[in-house]
Amino acid sequence: MSIDSLQSYPPLSYDQTSTLLQRNKLDTTSTIDQSDISHEKFLEGFHINPDKVDLSLSAKSSNGITLNLLDDSPNIIDSSNFESFLNNMQSLSKDQISQLQSALSAASETMDNSQTVGGTYGMRISQTNLEFKYISENLIPEQYQQQFNSFVDNYTNQLSTNYVNLLKGFADQLANTTDPVLINTGWKDKGTKMQDDLENGSYSFQTSENQYQSLFNSVNVTDSDTLKDQLDSVYKTILSNYIPDSDGASRSDLVNEIKYLSNSWNTFMNAVGDQKNKLTTSVDLHA
């Protein structure tokens, strides 16, 4: 297999990439037949479910609000500061606190890493940001919204940064490998190209995430009459603009992610009590 055949990188799932990085070195001998090398064979031996880090902390003041931000990094943000801020908000009734806790939990659960690939991971980050911004607009008192949004942006930006750093570590291991199988099949050269792309911001995850962020940021969470139609339009745009093998994700990857995010959005809408903005998407998911 020449490096030419690897120009469109096969999509690596978050847990596949993480598992590769956990190994002391990339040793293919125990997982694949050297006479029948393919990226599917290469990845086959490395798939596991990622560990989830529970960042929940006991509440430090009367509101009793806790966070459960799911990610592979225990230092994604200073969640204790975020919780302290939430718990020190004034003028919230018991019902408002309960609804806010439910909404925060539902939005956090959207960032479940176990069923996504690198080419769609940015979509999940972008929708998570949108859901938190909906919380800000509808459930956070106005005087606290700016600081809440700052915490949210720091959180989702750090998710992106952590994943880029994960990919950089993977690329470094490939570029510096001495494994003859990886060298002979072009993976070492691919690692060097991947290093360059990540450094200049042109790797598939980075370019697709920028597009996703722009689309999801265009959704106006203050317009409750058109909110679900705006989100539906985002999903349609993502599918209609898909170009095969250009963004590290297949069309089926995008379809599966949109199905997942549609369901996550509806779960989130249930948590915030907004039934009219639940999706019955008009996107043709089977096209």
Side-chain angles (χ1 to χ4, degrees), residues 1-51 53 71-75 113-125 158-212 242-254 256-257:
M1 184 189 300
S2 70
I3 189 62
D4 290 338
S5 65
L6 295 170
Q7 291 305 308
S8 295
Y9 303 141
L12 296 174
S13 70
Y14 195 92
D15 51 327
Q16 285 170 332
T17 310
S18 181
T19 307
L20 286 173
L21 289 177
Q22 290 170 10
R23 297 175 66 88
N24 292 327
K25 79 182 193 75
L26 293 174
D27 178 7
T28 62
T29 57
S30 63
T31 59
I32 58 175
D33 181 351
Q34 294 187 26
S35 66
D36 183 25
I37 180 71
S38 67
H39 74 261
E40 290 88 357
K41 291 280 187 181
F42 175 67
L43 294 174
E44 188 176 39
F46 298 108
H47 186 85
I48 63 167
N49 292 324
D51 292 331
V53 178
D71 189 78
D72 287 302
S73 169
N75 299 311
N113 298 330
S114 65
Q115 297 177 4
T116 190
V117 297
T120 65
Y121 190 56
M123 198 189 310
R124 194 168 298 197
I125 293 173
Q158 194 60 48
L159 285 170
S160 302
T161 298
N162 282 6
Y163 192 59
V164 168
N165 289 339
L166 194 78
L167 292 171
K168 284 181 177 179
F170 177 46
D172 290 346
Q173 287 199 34
L174 284 176
N176 295 311
T177 186
T178 58
D179 189 316
V181 177
L182 296 178
I183 294 172
N184 292 337
T185 55
W187 283 86
K188 181 179 176 72
D189 291 338
K190 175 187 169 182
T192 301
K193 176 66 165 58
M194 191 175 174
Q195 284 178 319
D196 293 340
D197 288 347
L198 287 164
E199 203 59 41
N200 62 35
S202 62
Y203 185 70
S204 59
F205 166 74
Q206 294 164 308
T207 56
S208 64
E209 188 198 25
N210 288 337
Q211 295 168 352
Y212 297 144
Y242 171 70
I243 301 174
D245 300 325
S246 67
D247 60 1
S250 68
R251 181 178 175 81
S252 64
D253 290 328
L254 295 181
N256 288 336
E257 186 67 7

Search all heavy atoms of Asp179 against all heavy atoms of Val181 and return the closest pair with its distance.
OD1-N, 2.9 Å

Working to the nearest 0.5 Å, report the span between CG of Leu198 and CZ of Phe170.
10.5 Å

Tell me, please, which residues at least two apart from Gln195 pass side-chain contact (heavy atoms from CB on, under 4.5 Å).
Ala171, Asp172, Ala175, Thr192

Quick check: does any side chain N or O of Lys188 sit under 3.5 Å from a backbone N or O of Thr177, one acting as donor and the other as acceptor?
yes

Holding to side-chain contact (heavy atoms from CB on, under 4.5 Å), I want the full list of residues that pass it with Ser252, two or more places apart in sequence or in another chain.
Ser250

What is the minimum heavy-atom distance between Met194 and Tyr203, and which atoms define it?
CE-OH, 3.5 Å

Quick one: closest heavy-atom pair of Trp187 and Leu174, and the distance?
O-CB, 3.8 Å

Looking only at heavy atoms, the pair that brings Thr120 and Asp253 closest together is CG2-O, 3.9 Å

Drop me the distance from Lys168's NZ to Leu166's CG, to the nearest 0.5 angstrom.
12.0 Å

Return the orientation label for the Tyr163 and Tyr121 ring planes: parallel under 30°, perpendicular over 60°, tilted otherwise.
tilted

Nearest atoms (heavy-atom pairs only) where Thr207 meets Gly201:
CG2-O, 3.8 Å

Interatomic distance, Gln158 atom CD to Asn165 atom CG [nearest 0.5 angstrom]
8.0 Å

To the nearest 0.5 angstrom, please state how far the CG atom of Leu182 sits from the CG atom of Asn176.
12.0 Å

Evaluate the side-chain proximity of Met123 to Leu254: yes if any heavy-atom separation is below 4.5 Å, no if none is.
yes

